[in-house]
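When reading the values below, keep in mind they use all heavy atoms of this one structure, side chains included, and skip hydrogens, waters and symmetry mates. Each ligand, and each atom within it, is numbered from 1 in the order the structure gives. Numbers for residues simply follow the sequence, beginning at 1.
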Amino acid sequence: MLNSVQINARKLVLGGVDASFRAISYDLRVGKVVRPGGQLADHYVIPPQGIVEIVSEERLALPMDVAGIAMVKTSLSNQGLLALNIGIVDPGYKGKIGSFFVNFGRREQTLRKGDVFLRVVFHAVAQDAELEEPRPVDDDRYLADKRINMEANFGTEFLNIADITERFAKEQFEKYRTKILGLVASAAFILAALTFMLNFGNLLLVQRFLQPNDATRAELLRQALDRSNGDLAEENRALLERVQQLDRNLSSAIDRLEGTGGRIDQSEGGPLARPPQGQARP
Ligand SMILES: Nc1ccn([C@H]2C[C@H](O)[C@@H](COP(=O)(O)OP(=O)(O)OP(=O)(O)O)O2)c(=O)n1
């Protein structure tokens with residue numbers, strides 16, 4: 001691992017400042033901020049769950065026998081700002097360095113031009129193999145690619161909780177819409193059927209209380225017939241007595257007629273007694 005004197009002497013960092021040289025590393029500073037919409041800025045307030053991309057102020061200019069390793073700044077991590085693009089800087093790499101940052105904390109965090117954001121250590125690379133030198137990375141091209149990538153692939157929040165929730169809810173709704181509509185239709189049908197049956201039941205109940213059923217009607221008819229039979233029996237009995245009385249009167253009238261030799265005793269009443277002349281029989 002190279003020390004700061006070697007880093008400085010071999011001009012591994014272009015545009016560097018003394019304050020960023022550490023004993024065995026260099027602290028890269030923020031050059032440009034690429035906001036979630038892709039716009040360039042000198043600073044950005046990262047909301048909780050927010051994301052931003054940072055491009056270094058310095059350029060690295062590595063020869064083929066030096067490789068770099070970009071590492072997180074512990075102080076930023078402690079604030080909840082985590083660098084995602086840590087890793088190897090290939091031997092021969094010439095260009096700026098960039099990294100996404102996400103805010104895992106509960107509070108907003110600001111990154112601005114000049115802040116340190118990555119720590120780079122440098123290693124000597126053994127030269128016993130044929131290495132292909134990477135092509136230099138143009139600063140403007142590097143920045144433009146970062147902007148395009150940011151705009152195309154990232155939202156204001158790295159977790160995009162609102163978007164994810166909305167998309168998830170929409171997907172679930174689409175998935176279950178047919179089922180839900182079917183269930184609603186069935187529920188409506190069942191409700192309608194129950195309402196109808198309730199009304200029908202009420203009607204039957206009212207009819208049961210207001211109208212006599214067949215058994216009740218038969219009972220009423222039987223009582224009426226009983227009453228009628230009783231009346232007829234009574235009349236029959238009266239008529240029978242009357243007939244018997246008439247029969248008795250007739251017998252006694254005949255007896256008297258025979259006793260008197262065919263003369264009719266006008267003093268006797270009875271059914272066969274002749275009424276006086278000009279008087280109608282009752
Ligand atoms: N934070 C970083 C880390 C590295 N690099 C640069 C220097 C590296 O030499 C180069 C390639 O690094 P990786 O291999 O990690 O990235 P890729 O897999 O995208 O690159 P490649 O296309 O070379 O496979 O990217 C960078 O710009 N920013």
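Inclusion of Val89 in the set of residues having an N or O under 3.5 Å from an N or O of ligand 1 is not warranted.
Nearest heavy atoms, Leu118 versus Ser99: CD1-CB, 4.1 Å. Residue Val125 comes nearest to Val66 through the heavy atom pair CG2-C, 3.8 Å, listed as atom of the first residue, atom of the second, then distance.
Summarising the local packing, CD of Glu174 is surrounded by more than 12 heavy atoms from other residues, nucleotides or ligands at distances under 6.0 Å.
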Apply salt bridge (charged side-chain N to carboxylate O under 4.0 Å, His left out) to Lys94 and Asp139, showing your working. CA-CA 10 Å; Lys94 293 177 178 59; Asp139 289 355; over 6 Å; no
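Atoms of ligand 1 lying under 4.0 Å from any heavy atom of Tyr142, numbered from 1 in the order shown and given with element: 26 (C), 27 (O), 28 (N). The Asn85 neighbourhood of ligand 1 comprises atoms 1 (N), 2 (C), 3 (C), with distances under 4.0 Å to a heavy atom of that residue.
Contacts of Ile88 with ligand 1, taken as heavy-atom pairs under 4.0 Å, involve the backbone alone.
The side chain to side chain contact (heavy atoms under 4.5 Å, CB included) test applied to Arg22 returns Ser25, Asp27, Lys73, Arg119, not counting sequence neighbours.
With hydrogens left out, the protein atom closest to atom 11 (C) of ligand 1 is Asp90 OD2, 3.6 Å, a heavy atom. The protein heavy-atom contact nearest to atom 5 (N) of ligand 1 is Ile97 CD1, 3.8 Å. Scanning all protein heavy atoms for the shortest distance to atom 25 (O) of ligand 1 gives Tyr93 CE1, 4.4 Å.
Contact analysis leaves Ser99 out of contact with ligand 1, as no non-hydrogen atom separation drops below 4.0 angstrom.
Side-chain atoms of Tyr26 come within 3.5 Å of backbone atoms of Val17 as a donor-acceptor pair (strictly under, hydrogens ignored).
Salt-bridge annotation for Lys96 and Glu58: absent, with no side-chain N of the basic residue lying under 4.0 Å from a carboxylate O of the acidic one.
Checking atom 28 (N) of ligand 1 against the protein gives a heavy-atom contact under 4.0 Å. At a distance under 4.0 Å, no protein heavy atom can be found next to atom 22 (O) of ligand 1. Under the 4.0 Å distance rule, the nearest protein heavy atom to atom 18 (O) of ligand 1 falls outside the cut-off.
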Residues 229-244 side chain polar contacts: donor-acceptor under 3.5 Å, at least two apart:
unit_1: Glu234; atom_1: OE1; unit_2: Arg237; atom_2: NH2; d: 2.3

